[in-house]
Amino acid sequence: MRNLLPLISSHSGGRSALTCRFRCGDACFQEIPNTSENEYAGDIIARAVSRRSMMRAAAVVTVAAAAGTAALTGPNAPQAEAAALAGHGHKPNPPHKPAPSGARGLRFSPVAPNKNDKVTVPDGYSQNVVIRWGEPILRGAPAFNPEKQTAKAQAGQFGYNNDFLSLLPLRGERGRQVLVANHEYTDEILMFRGYDPANPTREQVEIAWAAHGLSVVVVQEESRTGKLGAVSRHPLNRRLTATSEFRVTGPAAGSDLLRTSADRTGSRVLGTLNNCAGGTTLWGTTLHGEENFNQYFANGTTAEHKRYGIGTGATERKWERFDRRFDLAKEPNEANRFGWVVELDPYDPDSTPRKRTALGRFKHEAAEPRLTSDGRPVVYMGDDERFDYLYKFVSSKRMKKGTSRAAREHNLTLLDEGTLYVAKLTGDSPASEIDGSGKLPDDGEFDGSGVWIPLATGTTSHVPGMTADEVYVYTRLAGDKVGATKMDRPEDVEPSPRTGRVYVALTNNTDRGKEGKAPADEANPRNLNKHGQILELAENWDDPTSDGFAWRLFLVAGDPNDPSTYFAGFPKDRVSPISCPDNVAFDDHGNLWISTDGNQLGSHDGLFGVATHGDRRGELKQFLTVPAGAETCGPVIQDRRVLVAVQHPGEVDGASVEKPASTWPDGPGKIVRPSVVAVWRKDGRDIGV
């Protein structure tokens, strides 16, 4: 048997101190915001929940899993698969030599763990940089010059630290698509030569404001390869920044809790901040989660500020020196205007993006919708904080099909009315079998049942002692009050378009089981959890409006030679090592693709594919790795192309513009630049078949 891979001595989950400093304001070194007395799943189990109800919950998971497997691997699977692929514009593959074995869509030779300062892809695959930080996308924007950068120039250029990506069709323009990207945060030490963190200049601050936000840019594919390139100055190209105007919509719009001296209506906000992952709607818009917004606000004064991780002193970037709205001693409500899901219409460059208050306010990692049988969207969301919660929103309105103006206007109201829920999970094994080591309980799985607890519907609060406005603005406190289950950093949450099962990336939680902190439970089974896990959730009777669900851990990440790891029962000597799952996406074959953030196993972060059904369920293979200091974000998985956002390359402790830790993507002597990368097969065939 191979030796265990070496653990990295971590700042937090494998990230560099520099990344923690600029991305989340050293959240892992602050007091944990959730100090509620909520029960943990292990405590609930210990109170002797009836074995009959547990058996029933396990049966729901088994039935759901069996149904999903049958749908994908039964006797009619080839016809069903062909029909599904036809709906995605799939073209027959040309004759070819035999491909590596694996689940369909994962037939590539896995990339070995490595520390290459480049994007490393499987044999037989090629890549290109689609767009870099600073490339001009708007008319009048100059070419990028890091030595002479200005806020005006940056506002017309692709932003910094690309994260979530969406590729949308562009009708009438052959070979073109619309790329939408989040820009999560800025790292001024890697952006500005001679940067003084104690005394940033106004110009540097305004450049950082312009480098945050969102980008919309049309991309052109090369007909004979999978290469993509940006179409600069296209009419649809757009930049939204920390100073652009956003509308507040939904039940909390106009609330006293959202009003400031600059906006007495509580309905207009300047900017969007720390946009992490997101989602793409079935009606052609994109969703963007505002995550670690707390770090931008100084001088927190209230208990609510503290629950959201806002400090009582100055901020890292010192923005409060240049705009009073970032000083909560002067504008205590300004922080309440961030932490929302933003909806953007990328096809209308004149539209004002909207912050959807009905989806609640917390550190949104993502928001990915599915439809009910009667056409209402349901959005699943994670709050990326140690010991915080999993949520869903069920709309009360049905989506209208088509692209008419009336349909689009109606669909832009879908996320303003409905019910917001938070999850409470219960395991089905005795507490004595969950010892914090990751050892499987006697029934062979970490699994159980759960309930969705309603928090608010429209202007009606379901939480005693809180108004509806308070539930939406202080959603974390609402979750505390109703006893939601504390999780290990729920990040991206993605429903399978094939089976309806929902997959939750739980990145890590090195505080799990520490003295005074929540102990391991069946959904979060390891103390000092360095590597994270992925939870699989099946709504009762596959009805996303259900108030109950069954769950099991699909994957417990780490070195396959570590007894605490689990890969859905697949042989562990046939999988790639994986650590710290973050963003997830599905391909047309039903495989789940996982990008990582903070690998603890001595390799750079990467992108992995894993089968979710059939006899290869749990087979996990690494598709690529990213350069030194970088995180893998995005991703977008198409038939013949994979896109990833390479975020914060070179973000290694001690690095700076003068002393770069990476030379990617342009080589020695050039400033390191976050970028979007496309990968495709050299023979032109589909990925992994």
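Along the sequence shown, residues carry numbers from 1. The structure presented is a predicted model; accordingly, all values stated were derived computationally and were not measured.
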Looking only at side-chain N and O atoms, does [Y] offer a donor or acceptor that is under 3.5 Å from a partner on [X]?
X	Y	result
Glu536	Tyr503	yes
Tyr296	Asn274	yes
Asn114	Thr625	yes
Glu631	His648	yes
Arg239	Ser215	yes
Ser109	Asp123	no
Ser595	Asp582	no
Gln638	Asp587	no
Arg356	Thr249	yes
Thr286	His288	yes
Asp163	Gln647	yes
Glu343	Trp283	yes
Thr19	Glu651	yes
Thr632	Asp605	no
Trp133	Gln154	yes

> Can you list the steps and then say if Phe623 with Trp593 is a ring-ring contact (aromatic ring centres under 6.0 Å, His included)?
Replying inline: CA-CA 9 Å; Phe623 183 73; Trp593 290 70; 5.4 Å; yes
Are any of the side-chain heavy atoms of [X] and [Y] separated by less than 4.5 Å?
X	Y	result
Cys580	Asn599	no
Val672	Pro649	yes
Leu371	Met399	yes
Tyr125	Lys682	no
Phe586	Arg498	no
Lys392	Tyr380	yes
Val379	Met381	yes
Asn162	Asn182	no

> side chain to side chain contact (heavy atoms under 4.5 Å, CB included) between Val642 and Leu607: does it pass, once the steps are laid out?
Replying inline: CA-CA 10 Å; Val642 168; Leu607 178 67; 3.6 Å; yes
If only atom types and distance count, is the side chain of [X] paired as donor or acceptor with the main-chain N or O of [Y] below 3.5 Å?
X	Y	result
Asn591	Gly609	no
Ser675	Arg673	yes
Thr241	Thr243	yes
Thr507	Pro581	yes
Glu291	Asn275	no
Arg681	Asp686	yes
Ser126	Trp680	no
Asp345	Tyr347	yes
Gln622	Leu624	yes
Lys670	Pro665	no

Closest non-hydrogen atom pair, [X] against [Y]:
X	Y	value
Leu236	Pro346	CD2-O, 4.1 Å
Gly500	Asp542	CA-OD1, 3.9 Å
Leu167	Leu228	CD1-CD1, 4.3 Å
Glu365	Asn583	OE2-ND2, 3.1 Å
Ala230	Val219	CA-CG1, 4.1 Å
Ile687	Arg641	CG1-N, 3.7 Å

>> Return the CG to OG1 distance between Leu620 and Thr612, rounded to the nearest 0.5 Å.
In response: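 One gets 12.0 Å once the value is rounded to the nearest 0.5 Å.
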>> I need the single residue from Phe164, Tyr160, Phe158, Trp209 that forms a ring-ring contact (aromatic ring centres under 6.0 Å, His included) with His183. Which is it?
In response: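 Of the listed residues Phe164, Tyr160, Phe158, Trp209, the ring-ring contact (aromatic ring centres under 6.0 Å, His included) partner of His183 is Phe158.
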> In a check of side-chain contact (heavy atoms from CB on, under 4.5 Å) between Phe393 and each of Val341, Val378, Leu359, which one passes?
Replying inline: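 Output: one option passes, namely Leu359.
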> What pairs with Arg176 under side-chain hydrogen bond (donor to acceptor under 3.5 Å, both in side chains), at least two apart in sequence or on another chain?
Replying inline: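 Arg176 satisfies side-chain hydrogen bond (donor to acceptor under 3.5 Å, both in side chains) with Glu173, Gln220 only.
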>> Checking Glu290 against Thr272 for the side-chain hydrogen bond (donor to acceptor under 3.5 Å, both in side chains) test, could you report, in this order, the C-alpha distance in whole Å, the side-chain angles of both residues, the deciding distance, and whether it holds?
In response: CA-CA 7 Å; Glu290 296 181 318; Thr272 184; 2.7 Å; yes
>> Apply side-chain hydrogen bond (donor to acceptor under 3.5 Å, both in side chains) to residues Thr280 and Ser166 and explain how you reach the verdict.
In response: CA-CA 7 Å; Thr280 303; Ser166 180; 2.7 Å; yes
>> Please evaluate residues Arg489 and Asp383 with respect to the criterion salt bridge (charged side-chain N to carboxylate O under 4.0 Å, His left out), reporting the C-alpha separation (whole Å), side-chain torsions for both, the decisive distance (0.1 Å), and the verdict.
In response: CA-CA 7 Å; Arg489 290 186 58 206; Asp383 185 348; over 6 Å; no
> Who are the salt bridge (Lys or Arg N to Asp or Glu O under 4.0 Å) partners of Arg132, not counting sequence neighbours?
Replying inline: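 Once residues adjacent in sequence are excluded, the partners of Arg132 under the salt bridge (Lys or Arg N to Asp or Glu O under 4.0 Å) criterion are Glu135, Asp666.
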>> Assess the residue pair Leu240 and His212 against the criterion (side chain to side chain contact (heavy atoms under 4.5 Å, CB included)); give the C-alpha distance rounded to whole Å, side-chain angles, the decisive distance to 0.1 Å, and a yes or no.
In response: CA-CA 8 Å; Leu240 286 308; His212 278 72; over 6 Å; no
>> Working note: His410 + Lys397, criterion side chain to side chain contact (heavy atoms under 4.5 Å, CB included); need CA distance, chi angles, decisive distance, verdict.
In response: CA-CA 9 Å; His410 169 81; Lys397 290 185 174 183; 4.2 Å; yes
>> Can you confirm if the NZ or CZ of Lys621 lies within 45° of the ring axis of Phe608 and under 6.0 Å from the centre of its six-membered ring?
In response: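 Not satisfied by the 6.0 Å and 45° rule.
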>> Let's go through Val644 and Val679 carefully: what are the C-alpha distance in whole Å and the side-chain angles of both, what is the deciding distance for side chain to side chain contact (heavy atoms under 4.5 Å, CB included) to 0.1 Å, and is it a yes or a no?
In response: CA-CA 8 Å; Val644 292; Val679 181; 5.5 Å; no
> So, Glu245 and Arg268, do they make that salt bridge, N to O below 4.0 Å?
Replying inline: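 So Glu245 pairs with Arg268 through a salt bridge.
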